[in-house]
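All of these numbers come straight from a predicted model, not from anything done at the bench. Throughout, numbering of the chain's residues begins at 1 and tracks the sequence.
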Amino acid sequence: MPGRRAIEVRLQPGAAGDAAAPKWRMSLLENTFAGFLQGAGADAAARAVFAEGSLFSPFLFGKFFDPADAFPLWEFDPEVLLAALRRGAARTTVDWAETDAEYYLRADIPGGRRCDVEVSGDAMKVIDISGLWRAPPADGWDWRAGRWWEHGFVRRVELPEDAEWRKVEAYFDDGDGSLEIKVPKTGGVAHQATA
């Protein structure tokens, strides 16, 4: 029986002088993305993952922007941010909240896809949430370094200043295909979740 499982959160320092190739080299342009979704390359899973209201949709906040560009979700009031989605015909599959002790993000991952969570970037201030629905090419090429939207999905979220990045927790529920990320606050009072 499927259940909730912890996801290993990888810590990947990404100093400006790092010799490693950038993971998100290929930008996602609106016309390229539209062409991908209308073409033969996008199956039902791809359309569901990138659907309006999904965490991975380039239109999550009403206008197009590249999911591989980090944005500070935490600086927005969730009611204002997602009000347009809740009022319209679309349904958001993203919830986020803030308590005295932590930030909490929950997102549906259509099709119960495998998900990776990574904390990286300068000063460890970015969470990379990514997943793969097609096998990587046999040559070992990193799918995230090219036309990543044809192979998987990504969303980069900038952490708030008071985030305790060393203690980020991530969980995936195989039953309903949802991802949960908890980011404790520095100096926040830790609390136990009740089942």
Side-chain angles (χ1 to χ4, degrees), residues 1-11 45-62 65-121 124-133 149 152-186 188-195:
M1 180 172 181
R4 185 172 184 249
R5 59 183 163 84
I7 297 174
E8 177 188 4
V9 177
R10 293 188 304 268
L11 303 178
R47 288 186 184 91
V49 167
F50 290 121
E52 187 176 350
S54 163
L55 176 66
F56 304 100
S57 170
F59 298 99
L60 178 61
F61 303 113
F65 70 100
D66 191 342
D69 291 336
F71 69 93
L73 175 66
W74 321 103
E75 292 180 7
F76 295 97
D77 176 1
E79 290 306 313
V80 172
L81 187 67
L82 299 173
L85 289 172
R86 291 188 177 120
R87 277 195 309 268
R91 182 183 75 83
T92 181
T93 60
V94 181
D95 292 313
W96 78 275
E98 177 182 358
T99 67
D100 291 341
E102 69 183 5
Y103 297 96
Y104 173 83
L105 172 72
R106 186 194 157 282
D108 292 341
I109 311 293
R113 301 294 183 193
R114 187 184 120 247
C115 231
D116 293 318
V117 176
E118 207 171 87
V119 177
S120 64
M124 306 298 281
K125 285 295 186 185
V126 176
I127 293 182
D128 296 332
I129 305 165
S130 63
L132 183 66
W133 62 64
W149 56 93
F153 47 90
V154 62
R155 174 61 79 198
R156 301 189 82 213
V157 178
E158 184 178 323
L159 290 171
E161 288 299 317
D162 62 347
E164 181 54 68
W165 57 265
R166 290 176 184 88
K167 297 181 181 177
V168 172
E169 296 176 15
Y171 302 92
F172 191 80
D173 189 316
D174 293 309
D176 63 8
S178 65
L179 171 71
E180 291 180 31
I181 298 177
K182 295 180 179 184
V183 183
K185 293 182 178 181
T186 54
V189 179
H191 65 278
Q192 295 289 330
T194 56

Q | Stepwise salt bridge (Lys or Arg N to Asp or Glu O under 4.0 Å) test for Asp128 and Arg156 | A | CA-CA 5 Å; Asp128 296 332; Arg156 301 189 82 213; 2.7 Å; yes

Q. Do Ile129 and Phe56 touch side chain to side chain, with heavy atoms closer than 4.5 Å?
A. yes

Q | Test item: side-chain donor near acceptor, Tyr171 and Glu169, under 3.5 Å | A | yes

Q | Side-chain (Thr186) to main-chain (Glu164) donor-acceptor, under 3.5 angstrom | A | no

Q | Nearest atoms (heavy-atom pairs only) where Val168 meets Val9 | A | O-CG2, 3.6 Å

Q | Beyond-backbone contact of Glu98 with Lys185, side-chain heavy atoms, under 4.5 angstrom | A | yes

Q: Mind running side-chain contact (heavy atoms from CB on, under 4.5 Å) on Glu118 and Ser130 for me, showing each step along the way?
A: CA-CA 8 Å; Glu118 207 171 87; Ser130 63; over 6 Å; no

**Q.** Atom of Pro67, atom of Val154 and distance for their closest heavy-atom approach
**A.** CB-O, 3.1 Å

Q: Starting at CZ of Phe50, measure out to CH2 of Trp149 and round the result to the nearest 0.5 Å.
A: 9.0 Å

Q: For residues Phe153 and Ile109, determine if any side-chain heavy atom of one lies less than 4.5 Å from a side-chain heavy atom of the other.
A: yes

Q: Using atom types as modelled and distance alone, determine if a side-chain donor or acceptor of Ser54 lies under 3.5 Å from a backbone N or O of Val49.
A: yes

Q: Heavy atoms only: give me the nearest Ile7-Val117 pair and the separation to one decimal.
A: CG2-N, 4.3 Å

Q.
I want to check something: taking the side chain as every heavy atom from C-beta on, are Trp165 and Leu11 in contact at a cut-off of under 4.5 Å?
A. yes

**Q.** Glu158 versus Ala70, closest heavy-atom pair with distance
**A.** N-CB, 4.3 Å

Q) Within a reach of under 6.0 Å around CD of Glu161, are more than 12 heavy atoms found that belong to other residues, nucleotides or ligands? A) no

Q. CG/Asp173 to CZ/Arg5 distance, rounded to the nearest 0.5 angstrom?
A. 9.5 Å

Q. Hey, does the side chain of Arg155 reach the backbone of Ser57 with a donor-acceptor pair shorter than 3.5 angstrom?
A. yes

(Q) Any side-chain to backbone donor/acceptor pair from Lys167 onto Val183? Under 3.5 Å, distance only. (A) no

